[in-house]
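I have placed the structure first, in the form of structure tokens, so that the comments after it can refer back to it.
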Amino acid sequence: MFSYKKYEEAAIVYKSLLRANQVNRKNAFLKLSYIYENSGDYPQALYYLNNYYNLNPGDKVFDKMNQIALENKYSGFDRTDLNFLLMLYQQYFNYLVIFLVVVALYIFWILVRKKYFHQGVSGRNIAIILLYLVFLLGLINAPGNYKSGIIKSKRAYLRTQPTAAAAIEGFITEGNKLNVLGQDDIWLKVLWKRKLVFIKRSDLWLVEN
């Protein structure tokens, strides 16, 4: 169907296969992003392209997302310091973890060696080692804590607290991207204009890690 340019039918099948986890996800995300870009639905195009990017990070895909966002005046896709660090983090995460684990094993070997030769280990060294291990565990678990989302509602309201009765801090329109830092029931804690605010989960598509 995709080859014969029956894009609407192809999109339905791709989404069904994604839900059932019966398809190459990278390929499906890339095809869906093409389909929605071709139809002019740029928010969904960016959503699927962002999902593809998380599985296959690289400058070319990042620049493509940024280009679509600039052309449609969407925010959250530019090379800010935070986005750039997150891009590097996603791209080199496995290498970084391997390096830090090797360092941890080297430290463990030193401790074993000191114990074998009856050499003392100061409390300060033990504290530093424990802090390092906590940092390593935090880094390994970070991908599950950090997410990003793309607004799908025409206008989504941002509130000071996770409740519909809370004051409205502002609003954001479809296609814009937010960094999601936590969840409270149906509300997501997001970073917006350097403030932590809350948005309804139903107002955005959460990008897969």
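The first residue of the sequence shown is numbered 1, and numbering continues consecutively from there. The analysis underlying the following values was restricted to heavy atoms, covering all of them including side chains, and did not include hydrogens, waters or symmetry mates.
By the neighbour-count criterion of 12 heavy atoms within 6.0 Å, atom NZ of K152 is densely surrounded, having more than that number from other residues, nucleotides or ligands. In this structure, E71 places its CD atom where more than 12 heavy-atom neighbours from other residues, nucleotides or ligands lie under 6.0 Å away.
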Query raised in the report: Please walk me through it: do V134 and L130 pass side-chain contact (heavy atoms from CB on, under 4.5 Å)?
Result: CA-CA 6 Å; V134 169; L130 289 174; 5.6 Å; no

Report task. Give the intermediate values and the outcome of side-chain contact (heavy atoms from CB on, under 4.5 Å) for residues I199 and L204. Result -> CA-CA 9 Å; I199 186 172; L204 49 72; 4.0 Å; yes

Query raised in the report: Is there a salt bridge (charged side-chain N to carboxylate O under 4.0 Å, His left out) between K154 and E174 once you walk through the steps?
Result: CA-CA 5 Å; K154 294 294 183 182; E174 68 174 343; 3.0 Å; yes

Query - Criterion salt bridge (charged side-chain N to carboxylate O under 4.0 Å, His left out) on E208 and R25, from CA distance to verdict - result: CA-CA 11 Å; E208 295 182 13; R25 300 185 77 77; 2.8 Å; yes

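Closest non-hydrogen pair, I150 versus P43, comes out as CG2-O, 3.9 Å. Scanning all heavy atoms of the two residues, the minimum distance from A104 to Y132 falls at CB-CE2, 3.9 Å. The shortest heavy-atom contact between P57 and N54 is CD-O, 4.1 Å.
To the nearest 0.5 Å, atoms CG (D185) and OG1 (T163) are separated by 10.5 Å. Of the inter-residue distances, the one linking L46 atom CG with W205 atom CH2 reads 9.5 Å to the nearest 0.5 angstrom. To the nearest 0.5 Å, atom CG of residue L105 and atom CG of residue L100 are 11.0 Å apart. With rounding to the nearest 0.5 angstrom, the CZ atom of R19 is 9.0 Å from the CG atom of L17. L196 CG to T160 OG1: the interatomic distance, rounded to the nearest 0.5 Å, is 12.0 Å. L188 contributes atom CG, which lies 9.5 Å from atom CZ of F198 (distance to the nearest 0.5 angstrom).
The shortest distance between side-chain heavy atoms of S33 and L30 falls below 4.5 Å. The shortest side-chain heavy-atom distance between Y74 and Y42 falls under the 4.5 Å cut-off. Between I35 and D41, the closest side-chain pair of non-hydrogen atoms is not below 4.5 Å. Residues R159 and W187 form a side-chain contact, since some pair of their non-hydrogen atoms from C-beta on lies under 4.5 Å apart. Annotation: side chain of K195 is in contact with side chain of E169 (closest heavy-atom distance under 4.5 Å). Counting heavy atoms from C-beta outward, F62 and Y53 have side chains that approach closer than 4.5 Å. Residues V190 and V180 form a side-chain contact, since some pair of their non-hydrogen atoms from C-beta on lies under 4.5 Å apart. In this structure, the side chains of L32 and L49 stay at 4.5 Å or more apart for every pair of heavy atoms.
Put simply, V13 and L18 are part of the same group of oily side chains (I, L, V, M, F, W, Y) that touch within less than 4.5 Å, one to the next. Tracing side-chain contacts under 4.5 Å through hydrophobic residues (I, L, V, M, F, W, Y), one never reaches I128 starting from L136; they form parts of separate clusters. Linking ILVMFWY side-chain heavy atoms closer than 4.5 Å, directly or via other members, places L70 and M65 in two distinct hydrophobic clusters. Residues V197 and F171 do not share a hydrophobic cluster, defined by chaining ILVMFWY side chains whose heavy atoms lie under 4.5 Å apart. One hydrophobic cluster, built from ILVMFWY side chains closer than 4.5 Å, holds both I107 and F99.
Counted by atom type alone, N176 and S75 present one or more donor-acceptor pairs between their side chains at under 3.5 Å. Side-chain contact check for N50 and K177: at least one donor-acceptor pair (N or O, by modelled atom type) lies under 3.5 Å.
Note that K31 lies in the cation-pi zone of F2, set by a 6.0 Å cut-off to the ring centre and a 45° limit from the axis.
Between Y36 and Y48, the ring-plane angle classifies as parallel under the 30° and 60° cut-offs.
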